[in-house]
Amino acid sequence: MTEKKKIVYSGIQPSGSLTIGNYIGALSNFAELQENYDCLYCVVDQHAITVEQEPAKLRKNTLDVLALYLACGLDPDKAIIYIQSHVPQHVQLGWVLNTITSLGQLNRMTQYKDKAKKSKEIYAGLLNYPVLMAADILLYQADLVPVGEDQRQHIELTRDLAERFNHRYSPTFVLPEMLSSKVGARIMSLQDPTSKMSKSDPDENGYILVLDEPDAIRRKIKRAVTDSLGQVTYSEDQPGLKNLIDIYASFSKKSVEDIVRDYESLGYGALKEDTAQAVVEVLEPIQGRFKEFRQDKALLEKIYKEGGEKARYLANKTLRKVHKKIGFIEG
Ligand code: ATP
Ligand code: LTN
């Protein structure tokens, strides 16, 4: 008998252009996983609207993320690729989970606190964001969730909710585990290496976009903030340098130790130049493929429609089980 493959689930918000933080922390791991696991990769448009989005931009960004998935090697014959709003079961399970989520726990989510600080008015969707994320994951009985370090608290909440439901009713949900890269699970801003690289940073020198031109990539890395110590080590005391080494290691597949040893004598300038080169070499072919996929509207539509159908089938199986256990009458 063949052993059942583990299930992998992840999602990316179409809330702007993706950075190399998104790429290193999440996207770059997706394609490899589809070779050995049953994978689902979602464009989480319903999460994106927890921050105000312009409709035309949301539409564009959703197709951009989809085309980037394909450009990074995701294959609809190997993985289910779909758009969250096409599967109503996410919101349906989200509602059920809301009824067993404590407000205190939601109020303690650091991503919520950071985003709430930046908003004039705080809407309920922002607070409930992690509950919808838990629903995404639990609907498919995912075992593994490849995400960046910033999502750890959300995965813990997901496990808590799964456990609470299983305990209150009967074993229903798999408890998922976070899968994060050893190096690069938290890429920092190039201008302020104490804060996370983010696509919503007002300073565009702080981030590199996956679709940035090679010249822009070289310029931004050249300008990256380092320090005046002048020695190449990998330490929390030199956060700018540490971040560059993480980026270099992730894009070149060299080990941190080898990089430190090689650049001890070569210095910061050479490290920056070679880091930029490694980033450009990986991103250029992705950008080429992205342009092709992005133009092929018919192919994108075929992929998200077929993916949506497969996802709805699986999601419905879990949701029906959940509704039955709760005591809802089958319609
Ligand atoms: P925003 O910055 O707009 O709040 P985000 O980029 O954190 O959003 P998503 O686009 O949904 O949100 O993130 C997709 C994936 O990228 C997640 O797995 C997240 O953990 C990862 N990620 C985001 N930023 C970084 C970073 N700086 N370093 C490593 N991983 C990251
Ligand atoms: N909150 C995630 C995006 C996300 C996600 C998911 C990731 C929404 N649903 C399910 C993994 C699994 C973020 O990265 N900001």
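Note: hydrogens, waters and symmetry copies are ignored here, and every other heavy atom, side chains too, is used. Remember, it's 1-based here, ligands and their atoms both numbered in the order they're listed.
Close approach of ligand 1 to Arg186 (heavy-atom distance below 4.0 Å) involves ligand atoms 28 (N), 29 (C). Near Gln13, the atoms of ligand 2 lying under 4.0 angstrom from a non-hydrogen atom of the residue are 15 (N). In summary, the atoms of ligand 2 found under 4.0 Å from a heavy atom of Val44, numbered by their order in the structure, are 8 (C), 9 (N). Heavy-atom proximity to Val147, at under 4.0 Å, picks out these atoms of ligand 2: 7 (C), 11 (C). The Ser198 neighbourhood of ligand 1 comprises atoms 2 (O), with distances under 4.0 Å to a heavy atom of that residue. Within ligand 1, counting atoms from 1 as listed, the ones closer than 4.0 Å to a heavy atom of Ala26 are 15 (C), 16 (O), 18 (O). Close contacts between ligand 1 and Lys115 involve ligand atoms 4 (O) [criterion: under 4.0 Å to a heavy atom]. Proximity to Tyr9 (heavy-atom distance under 4.0 Å) selects the following atoms of ligand 2: 10 (C), 12 (C). Proximity to Gln151 (heavy-atom distance under 4.0 Å) selects the following atoms of ligand 1: 20 (O). Close contacts between ligand 1 and Ala185 involve ligand atoms 28 (N), 29 (C), 30 (N) [criterion: under 4.0 Å to a heavy atom].
Side-chain contact between Lys199 and Tyr207: absent, with no pair of heavy atoms (C-beta onward) separated by less than 4.5 Å. Between Ser10 and Val147 there is a side-chain heavy-atom pair separated by less than 4.5 Å. A 4.5 Å side-chain heavy-atom check between Val43 and Ile12 finds every atom pair outside the cut-off. Glu149 has its side chain within reach of Met178: a pair of non-hydrogen atoms, C-beta onward, lies under 4.5 Å apart. Side-chain contact between Pro176 and Arg159 is present, with heavy atoms from C-beta onward closer than 4.5 Å. At least one side-chain heavy atom of Thr318 sits under 4.5 Å from a side-chain heavy atom of Gln141. Counting heavy atoms from C-beta on, the side chains of Phe173 and Leu93 come closer than 4.5 Å. Counting heavy atoms from C-beta outward, Cys72 and Tyr23 have side chains that approach closer than 4.5 Å.
Polar contact check, Pro146 against ligand 1: no nitrogen or oxygen pair lies under 3.5 Å apart. In terms of N/O distances under 3.5 Å, ligand 1 is not approached by Gly11. Ligand 2 has a nitrogen or oxygen under 3.5 angstrom from a nitrogen or oxygen of Tyr129. On a distance-only criterion, Leu18 and ligand 1 share no N/O pair closer than 3.5 Å. Any N or O atom pair closer than 3.5 Å counts here, and Gln151 shares at least one such pair with ligand 2.
Closest heavy-atom approach to atom 9 (P) of ligand 1 among the candidates Lys196, Lys199, His154, Met188: Lys199. With Ser10, Gly21, Gly16 as candidates, the residue nearest to atom 31 (C) of ligand 1 on a non-hydrogen basis is Gly21. Which of Pro146, Gly11, Pro176, Gly148 comes nearest to atom 3 (C) of ligand 2 through a heavy atom is settled by distance: it is Gly11.
With a heavy-atom cut-off of 4.0 Å, Val145 touches ligand 2 through its side chain alone. At a heavy-atom distance under 4.0 Å, no atom of Asp150 approaches ligand 2.
Nearest to atom 23 (C) of ligand 1 among the protein's heavy atoms is Asn22 ND2, 3.1 Å. Closest to atom 17 (C) of ligand 1, if we only count protein heavy atoms, is Gly148 N, 4.1 Å. What sits closest to atom 9 (N) of ligand 2 on the protein, heavy atoms only, is Asp136 OD2, 2.6 Å. The closest protein non-hydrogen atom to atom 12 (O) of ligand 1 is Gln13 NE2, 3.3 Å. Nearest non-hydrogen protein atom to atom 27 (N) of ligand 1 is Ile187 O, 2.7 Å.
Heavy-atom separations between Gly184 and ligand 1 include at least one value shorter than 4.0 Å. Within the 4.0 Å heavy-atom cutoff, Asp150 counts among the residues contacting ligand 1.
Using modelled atom types, one side-chain atom of Tyr268 and one backbone atom of Gly230 make a donor-acceptor pair closer than 3.5 Å. Using modelled atom types, one side-chain atom of Tyr41 and one backbone atom of Phe30 make a donor-acceptor pair closer than 3.5 Å. With hydrogens and angles ignored, the 3.5 Å screen pairs a side-chain donor or acceptor of Gln34 with a backbone N or O of Asp75. Although no hydrogens or angles enter the test, the distance criterion places no donor-acceptor pair under 3.5 Å between the side chain of His323 and the main chain of Ile329. Distance alone, capped at 3.5 Å, places no donor-acceptor pair between the Asn316 side chain and the Arg312 backbone.
Residue Asn243 holds its CG atom at 5.5 Å from CD1 of Ile187, rounded to the nearest 0.5 Å. Taking NZ from Lys291 and CD1 from Ile286, the interatomic distance works out to 12.5 Å, rounded to the nearest 0.5 Å.
By the 4.0 Å N-to-carboxylate-O rule, Asp64 lies close enough to Lys60 to be salt-bridged with it.
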